Amino acid sequence: MRLATWNVNSLRSRLERVVEWLVTADVDAVALQETKVADDKFPVMAFEAAGYEVAYHGLNQWNGVAVVSRVGLRDVQVGFPGVPPFGDPPVAEARAMGATVGPADGPGVRLWSLYVPNGRTVEDPHYAYKLRWLEALREAATGWAAAAPEQPLALVGDWNIAPTDEDVWDPSVFTGTHVTPAERAALAAFTDAGFADVVLPLTGPGVFSYWDYQQLAFPKKRGMRIDLVLGNEAFASRVTGARVDREQRKPKASTTGQGPSDHAPVVVELDL
DNA sequence: ATGGTAGCGATGCTA
C-alpha cells in the first residue's frame with residue numbers, strides 16, 4: 001500500500017493537481033491538511049470520479065483536514081477526545097480526523113490526518129495552544145495504541161515542528177516557533193509513547209517538505225522538514241520505503257493559476 | 001525602497 005500526507009494549502013485552488021497526482025503517483029490513500037474548505041463545499045465528485053472515497057472535516061475557510069482512499073475507508077472519527085478549544089467563542093478547530101484505510105479483510109491502517117497549530121510566535125496565545133493541543137493528542141494517541149497494539153496506527157500531517165536543527169535550512173535564522181525546546185519536547189513525547197518517525201531513516205536528514213512562498217525559498221533550498229509520519233510499531237515494522245515528492249512544490253510548466261502548495265507530499269510504502 | 005507570497009473572501013486574517 002502506498003500512503004501519503006500533504007498540506008495542500010487550499011484544496012479547491014489545487015484540486016486538479018491533487019487528483020492528478022494521486023492517480024499518476026499511484027497513491028492508495030492520502031491524508032490532506034489545510035484544505036481550507038467547509039464540508040458543504042468539499043469537492044467530493046472530483047475524487048469519486050478518480051475512484052477514491054473521501055472523508056473530510058472543515059468548519060470554514062481555515063484549517064480543514066481530509067482522508068482520501070481507493071482501498072477502503074471506514075470508522076471515520078472527527079477530532080479527538082480532549083482536544084483543546086480555541087478562539088472567541090472557543091471551538092475545536094478542524095485540525096484532526098481519523099479513518100481506517102485498507103481492505104476490510106485485513107487490519108488496514110488507522111490513519112490520522114493532523115494539522116498542528118502553527119504557534120505564530122512564542123509570545124502569542126497560539127503558541128500555548130499549540131503545546132496544549134499536542135499534549136492532548138499524545139494522550140489520546142497513547143490510548144489508541146494501548147487499546148489495539150496490533151493495529152497499524154499512523155499519525156501523519158503538518159506538525160509545524162522541525163524535530164532537529166538538521167530539519168531547517170539554516171538553524172541560525174530560526175529564533176521563533178517550530179524549533180523551540182518545548183515544541184521539540186512535545187514531539188519527543190510521541191517517541192516516548194512508542195511512535196517513530198518512519199521517514200527519516202529511509203530518506204536521511206535534510207529532506208525538507210515545506211518551503212515558504214516568499215524570497216524564492218524553494219529554488220534556494222531554504223526549507224524545513226515539518227510534515228511527519230509517525231507510526232506505532234505495528235505500522236513502522238511494515239514500512240518499506242519513503243520519499244518526498246519535490247516535483248509537487250514546482251509550478252506547472254507554461255501555465256498560470258497552477259501554482260504549488262508551499263508543502264510537498266510525503267509518501268510512504270507499506271507492506272500490508 | 002521599511003516591501004517581499006499566497007488563499008479566502010470581501011478586509012484583514014492566516015500561514
Side-chain angles (χ1 to χ4, degrees), chain A residues 5-19 21 31-43 46 56-66 83-96 113-134 156-162 167-170 173-180 183 186-187 208-228 246-253 255-266:
Chain A
T5 181
W6 195 3
N7 177 322
V8 293
N9 185 20
S10 171
L11 180 57
R12 285 175 293 174
S13 73
R14 248 171 289 290
L15 185 57
E16 198 175 324
R17 176 192 283 262
V18 170
V19 175
W21 178 77
L32 303 176
Q33 301 87 37
E34 229 182 331
T35 54
K36 287 185 169 177
V37 60
D39 284 350
D40 62 347
K41 294 176 179 147
F42 194 94
Y56 43 89
H57 174 42
L59 300 174
N60 48 39
Q61 71 269 48
W62 309 122
N63 314 308
V65 286
V83 63
F86 191 77
D88 186 20
V91 294
E93 298 183 310
R95 294 180 177 276
S113 182
L114 307 168
Y115 181 42
V116 177
N118 176 286
R120 301 189 181 183
T121 67
V122 293
E123 303 83 13
D124 195 289
H126 285 82
Y127 179 75
Y129 167 50
K130 180 181 195 174
L131 296 177
R132 286 199 305 276
W133 196 94
L134 286 162
V156 312
D158 179 358
W159 288 76
N160 271 316
I161 301 171
D167 300 309
V168 298
W169 62 276
D170 183 356
V173 307
F174 287 90
T175 54
T177 58
H178 295 61
V179 300
T180 65
E183 288 165 278
L187 187 60
F208 301 144
S209 62
Y210 162 84
W211 300 261
D212 197 288
Y213 281 125
Q214 302 184 46
Q215 302 293 100
L216 299 173
F218 181 64
K220 291 181 176 174
K221 306 186 189 308
R222 297 177 174 177
M224 305 175 78
R225 192 174 75 91
I226 58 177
D227 298 276
L228 310 175
R246 295 180 75 262
E247 290 302 308
Q248 291 306 319
R249 183 59 180 80
K250 301 178 180 176
K252 292 218 166 183
T255 53
T256 56
Q258 298 287 325
S261 169
D262 41 2
H263 296 252
V266 180

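All figures in this text were calculated on a predicted structure; none of them were measured in a lab. Lettering of chains follows the sequences in order, A, B, ..., and the numbering in each one begins at 1.
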Which residues satisfy the salt bridge (Lys or Arg N to Asp or Glu O under 4.0 Å) test with A:Asp167, sequence neighbours excluded? A:Arg225
Residues which pass salt bridge (Lys or Arg N to Asp or Glu O under 4.0 Å) with A:Lys41, listed by chain and number, not counting sequence neighbours: none
Inter-nucleotide P distance (B:dA6, B:dA10), Å rounded: 22 Å
Within the pair A:Arg95 and B:dT14, is there a side-chain N or O less than 4.0 Å away from OP1 or OP2? no
At under 4.0 Å between heavy atoms, what does A:Arg222 touch on the DNA or RNA strands: base, sugar-phosphate, or nothing? nothing
Can you tell me how far P in B:dG7 sits from the matching atom in B:dG3, rounded to whole Å? 22 Å
The side-chain hydrogen bond (donor to acceptor under 3.5 Å, both in side chains) partners of A:Asp227 (sequence neighbours excluded) come to A:Ser209, A:His263
How far, in whole Å, is B:dG9 from B:dA15 if one measures between their P atoms? 15 Å
If the condition is side chain to side chain contact (heavy atoms under 4.5 Å, CB included), which residues does A:Arg222 pass it with, not counting sequence neighbours? A:Trp169, A:Ala217, A:Lys220
Expressed in angstrom and rounded to an integer, what is the separation of A:Tyr210 atom OH from B:dT14 atom P? 16 Å
Just how far, in rounded Å, is C1' of B:dA15 from CG of A:Asp227? 13 Å
Rounded to whole Å, the CD-C1' distance (A:Gln33 to B:dT14) equals 17 Å
How would nucleotides 1-12 of chain B be written as a contact map, 5' to 3', with B for base contact, S for sugar-phosphate-only contact and - for no contact, using protein heavy atoms under 4.0 Å? ---BBSBSS---
Quick one: list whatever passes side chain to side chain contact (heavy atoms under 4.5 Å, CB included) with A:Ala92, sequence neighbours left out. A:Val83
Using the P atom as the reference point in each nucleotide, state the distance between B:dG12 and B:dG4 in Å, no decimals. 15 Å
Quick one: are A:Asn160 and A:His178 in side-chain contact, heavy atoms under 4.5 Å? yes
